[in-house]
Each structure stands twice: as C-alpha cells, then as structure tokens.
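Position 1 is the first residue of the sequence; numbering continues from there. We use all heavy atoms of the structure for the numbers below, so side chains are in, but hydrogens, waters and symmetry mates are not. Predicted model only: the values in this text are computed from it and were never measured.
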Amino acid sequence: MNDAERDVDPAEEPPRRRRRDPEAHRAAIIEAARHTFAERGYARTTLREIARRAGVTHGLITRHFASKERLFLQAVPGNRDLQRVAAGDPEALPERIAHAFVRRLEADAVNDPLIALVRSAASDERAAAHLLAAMQEESAVVYRSVLAPSAAASARDDDLDARVALVGAQMIGVAFSRYIARTDPLASMPPDRLTEHLTRILRQILFG
C-alpha cells in the first residue's frame with residue numbers, strides 16, 4: 001500500500017452504488033404482495049408489510065405501482081396474466097380462460113389473492129366492490145382487444161361490459177363454491193370436467 005492509499009479517509013471515499021434491478025424488485029414485490037394479501041386480506045394488508053417481506057422500501061413500491069389497489073390488481077395472477085391468456089383466436093377464448101382459471105386455483109387456491117378478496121367481501125363490502133369493479137374494468141379492456149376485431153363481436157359491442165361482468169360473476173361463484181364453501185358437486189368435481197362445464201358457460205355468455 002502506498003502513502004496516497006494510506007492517507008485516504010474512509011469517510012471521504014465515494015459511496016458504493018447499490019445494484020439496481022428494477023425487474024427483480026418488481027417481481028419480489030408482487031410475490032410478497034400475493035402472499036400478504038392472501039394471508040391478511042386486502043383491508044389488513046399494508047404497503048409497509050409488503051415492503052418488509054420483499055426487502056425493499058415503501059417508496060419503491062409506490063414508485064412501481066402507485067397505490068395498494070394497483071398493486072393488488074397486479075398481484076392477482078388471473079388479472080395480471082389475462083392479456084397473455086386471452087390473446088389468440090376469439091372463438092377459443094372461453095377454453096383459454098376456463099383452463100387458466102381452473103389450473104391456477106387448483107395449483108394454489110390458498111395463496112390466491114382473489115380467494116382472499118372473496119373471503120373478505122362480507123366484512124369489507126366497500127373495498128371488495130371497489131376492487132372487483134377495477135378488475136372488471138381492466139378485464140373489459142382485454143376482452144375488447146380480442147373480441148372487437150371479429151365480426152361476431154362487433155354487433156354486440158354495446159353490451160360487452162355486461163358480458164364481462166357476467167364472466168367475472170360466474171368465475172367468482174365457482175371460486176366460492178369450490179374453494180371456499182367447498183360444496184358439492186363442484187367441490188368434488190374433477191378439474192377437467194369443471195373446465196369443460198366452465199368453458200361451455202363462458203362460451204354462452206360471450207357469444208350467446
């Protein structure tokens with residue numbers, strides 16, 4: 001070590017730059033949010049708790065997602081992945097939606113924020129209604145992007161919002177009966193048969 005190196009005051013050394021990885025931070029926040037919303041429900045979850053679990057600051061969460069509502073919408077797998085699932089042939093849309101919905105909840109219904117939201121609806125109707133309306137609005141945008149180009153859908157564009165709401169209501173009803181109340185015959189129905197029934201119902205709602 002030379003004299004110049006020995007004379008440097010550690011306090012005067014430039015601070016080391018923290019490694020920044022926005023995508024990794026975003027993924028960590030969404031994963032922490034998904035588990036926290038599922039465990040505590042929407043009303044009892046705080047951004048600070050999510051930040052603690054994700055190992056980030058509260059400010060970083062608001063920078064990425066702006067609000068708890070927007071974070072919740074990103075944390076719900078079905079809502080977050082809807083655009084990817086919906087993309088493709090409009091005629092096969094009911095099959096894609098039903099398959100993705102059943103597969104997701106069969107894999108991990110306990111930790112799914114949608115199940116937590118449905119559970120908490122009785123104790124916090126206002127928050128549940130607000131979030132469901134936001135989810136419905138985002139879903140309508142995605143469904144319109146798939147259905148609007150088709151000639152069959154263009155004639156029914158005026159009631160698209162109603163059809164999207166009916167799709168959401170059907171899926172929430174299935175989620176409640178099978179994964180929360182666990183009532184038969186839905187609770188014991190094999191997943192592939194449930195997917196078939198749900199596909200047929202969604203097709204009727206979307207295409208009549």
Nearest heavy-atom neighbours spanning [X] and [Y]:
X      : Y      : result
Pro90  : Pro94  : O-CD, 4.0 Å
Ala54  : Ala28  : CB-O, 3.7 Å
Ala109 : Ile115 : O-CG1, 3.4 Å

Can you tell me how far the [atom1] atom of [X] sits from the [atom2] atom of [Y], to the nearest 0.5 Å?
X      : Y      : atom1 : atom2 : value
Arg96  : Arg84  : CZ    : CZ    : 11.0 Å
Lys68  : Thr46  : NZ    : OG1   : 7.5 Å
Leu105 : Arg178 : CG    : CZ    : 9.5 Å
Thr36  : Glu31  : OG1   : CD    : 9.5 Å
Ile205 : Met171 : CD1   : CE    : 9.5 Å
Leu132 : Ser139 : CG    : OG    : 10.0 Å

Could you tell me whether the side chain of [Y] reaches within less than 4.5 Å of the side chain of [X], counting heavy atoms only?
X      : Y      : result
Thr195 : Leu198 : no
Ile97  : Leu82  : yes
Phe65  : Leu47  : no

>> Do Glu106 and Tyr179 pair up side chain to side chain, a donor and an acceptor below 3.5 Å, judged on atom types alone?
In response: yes
>> Suppose we screen for side-chain hydrogen bond (donor to acceptor under 3.5 Å, both in side chains). Which residues come up paired with Glu69, at least two apart in sequence or across chains?
In response: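 For Glu69, the residues satisfying side-chain hydrogen bond (donor to acceptor under 3.5 Å, both in side chains) (neighbours in sequence not counted) are His130.
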> For Glu49, which residues count as a salt bridge (Lys or Arg N to Asp or Glu O under 4.0 Å) partner, sequence neighbours excluded?
Replying inline: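 Glu49 satisfies salt bridge (Lys or Arg N to Asp or Glu O under 4.0 Å) with Arg52, Arg53 once adjacent residues are dropped.
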>> Please enumerate all residues that pass salt bridge (Lys or Arg N to Asp or Glu O under 4.0 Å) together with Glu137, with sequence neighbours excluded.
In response: none
Within the distance-only criterion (no hydrogens, no angle test), does the side chain of [X] pair as donor or acceptor with the backbone N or O of [Y] below 3.5 angstrom?
X      : Y      : answer
Arg40  : Thr45  : no
Ser145 : Val142 : yes
Arg163 : Leu206 : yes

>> Using side-chain contact (heavy atoms from CB on, under 4.5 Å), reason through Leu114 and Arg104 one step at a time and then give a plain yes or no.
In response: CA-CA 11 Å; Leu114 176 62; Arg104 175 185 119 217; 3.5 Å; yes
>> By the side-chain hydrogen bond (donor to acceptor under 3.5 Å, both in side chains) test, which pairs, at least two apart or in different chains, include something from residues 198-208?
In response: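 The answer is Glu95-Arg203, His197-Arg200.
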> Under a single-linkage definition using a 4.5 Å side-chain heavy-atom cutoff for Ile, Leu, Val, Met, Phe, Trp and Tyr, are Val164 and Val141 assigned to the same hydrophobic cluster?
Replying inline: no
In residues 181-191, what donor-acceptor pairs under 3.5 Å come from side-chain atoms, sequence neighbours left out?
unit_1, atom_1, unit_2, atom_2, d
Asp184, OD1, Ser188, N, 3.1
Asp184, OD1, Ser188, OG, 2.7

>> What verdict does the side-chain contact (heavy atoms from CB on, under 4.5 Å) test give for Leu60 and His25, after you've listed the backbone C-alpha separation in whole Å, the side-chain angles of each residue and the deciding distance to 0.1 Å?
In response: CA-CA 9 Å; Leu60 188 63; His25 287 158; 3.6 Å; yes
>> Salt bridge check, Arg34 against Glu39: does any charged N sit closer than 4.0 Å to a carboxylate O?
In response: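 Not counted as a salt bridge, because no side-chain N and carboxylate O are separated by less than 4.0 Å.
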>> Applying side-chain contact (heavy atoms from CB on, under 4.5 Å) to Phe207 and Leu202, what does each step give before you reach the verdict?
In response: CA-CA 8 Å; Phe207 300 112; Leu202 296 185; over 6 Å; no
>> Test: ring pair (Phe, Tyr, Trp, His ring centres under 6.0 Å). Region: residues 32-52. Which pairs qualify, not counting sequence neighbours?
In response: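 Ring pair (Phe, Tyr, Trp, His ring centres under 6.0 Å) check on residues 32-52 returns Phe37-Tyr42, Phe37-Phe72, Tyr42-Phe72.
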>> salt bridge (charged side-chain N to carboxylate O under 4.0 Å, His left out), that's the test. Do Asp192 and Arg103 meet it? Break it down for me.
In response: CA-CA 9 Å; Asp192 57 345; Arg103 181 177 59 186; over 6 Å; no
